[in-house]
Each structure stands twice: as structure tokens, then as C-alpha cells.
Amino acid sequence: MSRLSIITSNKAQTTVESLYKDLERRISASPPGLCPVDLASSFLKLCHSQSCGKCVPCRIGLGQLQDLLEMVLDGEGTLETIDLIEKTAKNIFYSADCAIGYEAANMVLKGLRGFRDDFEEHVLRHRCKCELYQPVPCVSQCPAGVDIPGYVALVAEGRYGDAVRLIRKDNPLPAVCGLICEHPCEVRCRRTLIDDPVNIRGLKRFAVDHAGDVPLPVPAAPTGKKVAVIGGGPGGLSAAYYLTLMGHQVTIFEQRKKLGGMLRYGIPNYRLPREELDREIEQILSLGITVQTGVTVGESPSIVDLRKEYDAVYIAIGAHTDRKIGIEGEDAKGVISAVELLRGIGDGEMPDFTGKSIVVIGGGNVAMDVARSAVRLGAERVRIAYRRRSVDMTAMPEEVEGAVEEGCELLDLHAPLRIEKDADGNVAALWVQPQIIGPMKNGRPTPENSSEEVRLACDIVLVAIGQGIDSRLFEKQGIPVKRGVIDALNWSGVNAKDITGVFAGGDCVTGPATVIRAIAAGKVAAANIDEFLGYQHLISVDVELPQVRLDDRKNCARINMKERQAADRAKDFELVECGMTCEEANQEARRCLRCDHFGYGSFKGGRTEQW
């Protein structure tokens with residue numbers, strides 16, 4: 001008999017490990033609108049099954065908590081039951097031996113703090129308070145409410161033009177979003193229950209690439225109403241597009257030389273080719289929209305002047321100002337803001353970084369954009385200094401991976417301290433303080449100072465720590481501003497005391513966000529401006545969707561987008577990403593589970609045919 005033996009997993013344990021992965025996928029695919037009390041009870045039951053049984057608070061206490069939660073769900077509880085749940089959870093939290101017990105109790109306490117009113121609704125009215133307006137997960141996660149199952153089904157049938165027409169009902173920039181959308185629609189894709197989410201953005205791009213010239217809808221009869229849109233970014237273009245379709249006369253006032261906003265002045269050509277952007281903007285303008293570029297509204301003309309001339313005004317100025325990092329030496333020659341660099345590139349002004357050593361400060365998409373642009377502009381060495389861990393970066397993972405593949409060095413856990421100047425006032429180095437990851441605050445780990453300072457010798461420092469909104473001129477003219485952003489309601493109306501008919505949306509209201517959120521804000525504003533002007537125009541599209549396939553959806557891996565080789569793409573600003581082939585698109589589109597038809601979608605409607 002041997003003293004030791006190699007432990008191998010038996011069939012039961014192997015199956016359990018597989019079930020864990022299934023459970024992870026199911027949780028990640030949970031759509032919004034589910035009953036939080038029911039979910040809390042289910043999670044608690046799972047936690048209780050993990051108990052070793054050693055300590056009473058975990059073995060007995062979690063079972064008691066389960067029973068109390070079930071009483072609330074069954075309508076047998078009282079308000080005192082909720083108090084008892086809180087008291088029991090606190091006792092377990094403070095007395096359980098290990099994290100299995102006290103973290104399970106903490107989860108219940110978080111629920112009581114976050115949705116106590118849901119607990120009370122179950123007790124007082126025996127119902128769930130949560131509401132589900134959109135049963136299709138991908139559509140509910142898309143800020144613009146695009147009919148995703150519809151256009152994916154059209155792509156599967158090879159009807160690419162109809163797919164683009166369907167997208168335009170809710171999003172007038174399908175080519176742009178097919179290339180650079182952050183695809184929140186994929187986060188809760190129900191296909192995750194089987195394997196991986198559908199590549200929705202990739203299918204949108206495929207539809208646009210293969211649809212050819214798809215005519216725009218014919219605008220409604222002219223209403224005689226005039227609307228001024230301030231800002232020619234995605235939000236302004238979206239509002240102008242839908243208002244024009246409704247029959248109103250729209251004029252866009254843009255401060256820069258060209259339209260596009262951050263699409264042109266914040267996203268490099270290798271992610272969003274200018275010819276694609278220009279083509280889509282020209283299509284929108286072909287409806288008869290008037291454009292005035294090089295105009296700074298707030299100076300001449302003022303908001304008051306515009307309101308006198310136009311029946312309504314929509315403010316969509318975006319977030320175009322840079323943020324200072326606030327460290328010593330920031331005024332040195334060679335310190336350039338990311339916003340400034342990308343703005344120049346957007347206007348065709350390409351700086352020469354040949355042979356330069358560059359350090360980028362920041363960890364968002366903009367930081368990755370300027371780092372990768374610097375490589376293409378000839379920089380000899382590019383380093384990215386970020387004060388948190390690389391996994392904590394707000395940039396999309398594919399952007400970080402792309403930067404590293406192209407030769408950028410990632411220095412995570414390095415907080416900038418000061419910028420060293422030479423005798424002529426030029427950048428000589430960036431001094432950083434290495435960090436060690438610390439306690440969690442608001443769901444994110446907090447870095448703390450670690451070892452001695454480190455000197456990063458460099459010629460240029462690119463600061464990419466976020467953007468701000470220049471709202472000062474608007475505030476002077478009576479537009480309410482709160483914490484640096486315009487104070488607007490969720491229907492885009494602005495509560496200005498002396499001015500009516502002013503609306504605002506996008507980054508200037510929410511702070512820097514995504515392209516699809518700006519487009520959604522423009523759509524919302526257009527609908528409510530139309531109503532303010534005394535109309536109820538409806539936006540719809542006459543596209544008949546394919547019949548739902550009833551065949552089984554077998555396991556099938558997701559088609560991911562391919563990219564050009566790093567060694568080749570780092571030499572130019574040509575598009576990095578390669579589109580799907582016809583075979584890939586057809587396979588990927590047929591992975592869709594058609595949640596607009598099956599399950600709750602079948603009797604909830606699953607589709608908004610007009611708005």
C-alpha cells in the first residue's frame with residue numbers, strides 16, 4: 001500500500017466542472033428586467049450548497065436566510081420579515097468562519113440596500129416591481145433599440161440591402177457602427193447559453209459592405225418648421241436625419257472644418273476610414289440638410305439668436321476639450337493632449353514622430369488610439385503608462401491587444417508623478433511611481449504607492465486621461481449646466497428659464513460616452529422635437545422579415561473578426577480589420593436564436609415596428 005497517490009478527477013467532478021461553465025454562461029446571458037429578489041434567492045441557494053458545514057452561521061444561517069427569502073417570494077412575509085432578513089444576514093456576515101458564509105450574507109445585504117423597495121413590493125402587493133419593456137436581450141442592450149434579430153435574419157437570407165434599411169430605422173450610421181461600435185448588444189446575447197454571443201457588429205459591417213447603394217427613405221411633406229442642430233457629430237447627424245425625414249428643415253452648425261465630430265477628430269483612419277465616414281455623411285446630407293461649418297454657437301450666433309430664427313434648437317456639441325493631468329512640468333514643450341493630436345490628424349495634419357521616444361498616459365480607447373497612431377507616425381518607441389492593472393483598463397480588450405501587437409509597451413501600475421524638462425524647456429522624461437494594487441473601492445481596486453520612482457526618458461508625452469465639455473458659453477446664455485454638463489431631462493428637454501424649445505443630448509449631457517449612445521440621444525431628441533413642433537410623425541420601414549427557422553441550433557463557435565498582420569498594418573493608416581467572407585457571415589447569422597420569436601418575445605411583441 002502506497003503512502004501517497006495521484007488524485008484524479010472522477011466522472012462526477014468532471015461533470016460538475018462542466019456545469020460550472022454552463023452556469024457562468026447562463027449568468028452572463030441574464031437579461032435586464034429579471035426579479036432581483038428571485039435572483040438573490042437563487043444565488044443564496046448556490047452559496048449554501050458550497051458550505052462545508054463546519055460553522056453554524058454558514059450551515060444553519062444561510063438555510064434560514066433561504067427560508068425567509070422564500071417567504072417573501074411566496075407572499076407570506078411581512079415588513080418584519082425583511083428586517084429579520086437584514087438582521088440574520090448581518091449576524092452571518094460578522095460570525096461566519098470563511099468567505100463562503102460571510103460573502104453570501106454580504107450579497108443579501110447588498111440586495112437589501114440596492115432594491116429594498118422590490119422586497120417591500122412583494123410583501124405589500126405580492127408582485128414583482130421590475131418591468132420588462134423589451135424582451136429581446138440584444139435589442140434591450142442597444143441604446144438605439146435597433147432591430148438586431150431582424151437584420152441578422154436578413155443577412156442570413158442574403159438580403160443585405162433590406163438589412164441596412166432596417167438598421168437605418170433606428171440608426172442612420174450603419175457603416176460607422178459596423179466598424180467601431182462597442183457592441184453592448186452582445187453582452188447579454190442569449191446564444192451565450194450555448195457557446196458564445198453572436199458577432200452582431202461584424203454582421204452589421206458585412207451587410208453594409210455587400211448591400212451596395214441603398215436609397216434613403218423619402219422625407220415626409222415639408223412642415224415649414226426650422227430646426228437648428230448645434231454640432232455635427234453622431235448625435236447631431238442622427239437628430240438631423242430623423243427630423244428631415246419628418247419633414248422639418250434642418251441646419252447643422254459645426255465648429256470644425258468638417259462634420260463628424262469625434263468620429264473624425266477622435267477615431268483614427270485605421271479604425272474608421274475617412275472615405276466610409278464621408279460617404280455616410282454625404283448620404284445623410286443628400287436629404288436636403290443645410291450645413292454651416294466654422295461656426296462657434298454661443299459667440300456668433302448666440303442661442304437666443306438661433307431660437308429667434310428657428311422653431312427649435314438641439315445642442316449636441318460632444319466632448320472635445322482635453323483634461324489636464326495636473327502634474328509638475330505639464331507645460332513642457334512636447335506634452336501633447338490626445339484630443340489635440342487626433343484633432344490634427346482628423347484635419348489631415350500628420351506630425352512627424354520619426355525616431356522619437358513617446359510615453360502615453362492613460363488606459364482608455366483614446367490612449368490606445370494615440371499610441372497606435374504614434375507607431376504609424378514613425379515613433380521609435382511607444383510606452384503606455386497606466387496607474388492601474390491592465391485588466392482594469394477601460395479600453396476595449398481588442399484595442400489593448402492591437403497596441404501591444406504593433407509594438408507598444410504596456411506599463412501598468414505606473415502612476416505619473418512629474419515631467420522632467422531639459423534646459424530648453426523640452427520634455428526629457430516622465431517620472432512614474434510604481435503601484436501595488438490595494439483594496440477595492442466602488443468595485444475597482446485602488447492602486448497604492450509601491451517601490452521607488454522610475455524615470456522614463458522620452459521626447460514626447462501624450463496625455464489621454466479623458467475629455468470634457470466646453471459648456472461655458474451656453475451657461476452664460478441661460479442654459480443650465482450641472483457639474484460641467486448641460487442639465488437636460490431624459491427626453492432631451494432643457495429646463496432653461498428664459499428660453500423654450502431648446503433640447504440637448506449626447507456627450508454634452510451624459511459626459512463622454514459611446515457613439516451608439518450619441519446616436520440614440522439624437523433619435524430621442526428628434527422624436528420629442530417633432531412633438532414640440534406639434535406633430536406626430538412616425539418612422540418605420542416596409543421590410544418583410546424572413547420566416548423563423550424551426551431547425552435545431554447546434555453548437556457552433558463564434559466567427560471573430562480577423563486583422564491584417566501587425567508588421568504590415570503598423571506602417572500605414574489603412575483599415576486594420578478585415579470583413580467576414582460570405583460563408584462566415586452566413587454561418588454566423590444562422591447562430592442567432594431569434595429571441596424576437598421564441599420565448600417571451602413571441603407574446604410580448606419582440607419588435608418595435610415604428611416610433
Side-chain angles (χ1 to χ4, degrees), residues 7-130 389 391-392 436-448:
I7 300 174
T8 57
S9 298
N10 57 28
K11 185 177 180 180
Q13 187 58 40
T14 302
T15 304
V16 168
E17 293 296 332
S18 175
L19 290 174
Y20 281 149
K21 290 182 172 62
D22 293 340
L23 182 61
E24 287 174 10
R25 289 202 305 271
R26 182 165 290 272
I27 291 174
S28 65
S30 296
L34 301 180
C35 173
V37 181
D38 197 8
L39 283 176
S41 176
S42 301
F43 291 155
L44 184 62
K45 193 170 185 179
L46 173 63
C47 295
H48 194 199
S49 69
Q50 296 173 323
S51 174
C52 71
K54 173 179 173 289
C55 68
V56 171
C58 186
R59 183 181 74 248
I60 305 299
L62 293 184
Q64 291 177 334
L65 266 184
Q66 272 181 242
D67 293 340
L68 292 171
L69 284 172
E70 289 299 324
M71 287 176 62
V72 171
L73 287 169
D74 293 340
E76 299 172 358
T78 64
L79 293 177
E80 287 73 23
T81 306
I82 299 174
D83 293 334
L84 183 57
I85 289 173
E86 185 172 19
K87 187 182 297 183
T88 305
K90 284 183 178 178
N91 284 333
I92 297 171
F93 179 75
Y94 288 116
S95 59
D97 269 4
C98 74
I100 291 176
Y102 59 70
E103 281 303 317
N106 191 37
M107 187 174 61
V108 174
L109 292 172
K110 282 182 182 178
L112 284 170
R113 288 192 294 267
F115 43 84
R116 192 184 190 96
D117 51 343
D118 283 279
F119 279 89
E120 294 173 353
E121 191 75 13
H122 278 281
V123 166
L124 298 175
R125 298 175 184 84
H126 309 298
R127 68 181 187 184
C128 185
K129 188 179 179 183
C130 62
R389 301 172 302 178
V391 294
D392 301 318
I436 184 172
I437 211 64
M440 300 288 288
K441 289 184 180 178
N442 299 320
R444 295 187 77 188
T446 306
E448 297 177 344

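- Counting heavy atoms from C-beta outward, Gln66 and Leu69 have side chains that stay 4.5 Å or more apart.
- Residue Ile437 holds its CD1 atom at 5.0 Å from CZ of Arg389, rounded to the nearest 0.5 Å.
- With Thr446 contributing its side chain and Pro439 its backbone, the two residues share a donor-acceptor pair below 3.5 Å.
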* For side chain to side chain contact (heavy atoms under 4.5 Å, CB included), just list the numbers for Thr88 and Val108, CA-CA rounded to whole Å, side-chain angles, deciding distance to a tenth of an Å, and then say yes or no. => CA-CA 10 Å; Thr88 305; Val108 174; over 6 Å; no

* Worked check of side-chain hydrogen bond (donor to acceptor under 3.5 Å, both in side chains) between Glu17 and Gln13 -> CA-CA 6 Å; Glu17 293 296 332; Gln13 187 58 40; 3.1 Å; yes

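- Here the side chain of Ser41 pairs no donor or acceptor atom with the backbone of Val37 at under 3.5 angstrom.
- Side chain of Asp74 to main chain of Glu76: no donor-acceptor pair is present (N/O by atom type, distance under 3.5 Å, no hydrogens or angles).
- Between Cys58 and Asp97 the shortest side-chain heavy-atom distance does not fall below 4.5 Å.
- At a threshold of 4.5 Å between non-hydrogen side-chain atoms, the residues Leu84 and Leu68 count as touching.
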* **Asp38 vs Lys45, salt bridge (charged side-chain N to carboxylate O under 4.0 Å, His left out): CA-CA, chis, key distance, verdict** => CA-CA 11 Å; Asp38 197 8; Lys45 193 170 185 179; over 6 Å; no

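- Taking a 6.0 Å sphere around CZ of Arg26, one finds it holds 12 or fewer heavy atoms contributed by other residues, nucleotides or ligands.
- A donor-acceptor pair under 3.5 Å links the side-chain atoms of His48 to the main chain of Arg59, judged by distance alone.
- When side chains are defined from C-beta on, Cys35 does not count as touching Asp118, because their heavy atoms never get closer than 4.5 Å.
- The backbone N or O of Arg25 sits less than 3.5 Å from a side-chain atom of Ser28, completing a donor-acceptor pair.
- At least one side-chain heavy atom of Leu19 sits under 4.5 Å from a side-chain heavy atom of Asp22.
- A 6.0 Å sphere centred on CD1 of Ile436 holds no more than 12 heavy atoms belonging to other residues, nucleotides or ligands.
- A distance of 12.0 Å separates CG of Leu65 from CD1 of Ile60, quoted to the nearest 0.5 Å.
- Asn106 is not listed as a side-chain neighbour of Ile92, based on a closest heavy-atom distance of 4.5 Å or more.
- In this structure, Leu23 and Leu46 have side chains that are in contact, with non-hydrogen atoms separated by less than 4.5 Å.
- Residue Ile82 forms a side chain to side chain contact (heavy atoms under 4.5 Å, CB included) with just one option from Lys87, Met71, His122, Glu120, and that option is Glu120.
- Between the OH atom in Tyr102 and the SG atom in Cys55 there is a gap of 11.0 Å [rounded to 0.5 Å].
- Remark: the backbone N or O of Thr14 is not paired with any side-chain donor or acceptor of Ser18 at under 3.5 angstrom.
- Taking CD of Glu86 as the start and CZ of Phe119 as the end, the distance is 10.0 Å to the nearest 0.5 Å.
- No side-chain heavy atom of Glu121 sits less than 4.5 Å from a side-chain heavy atom of His126.
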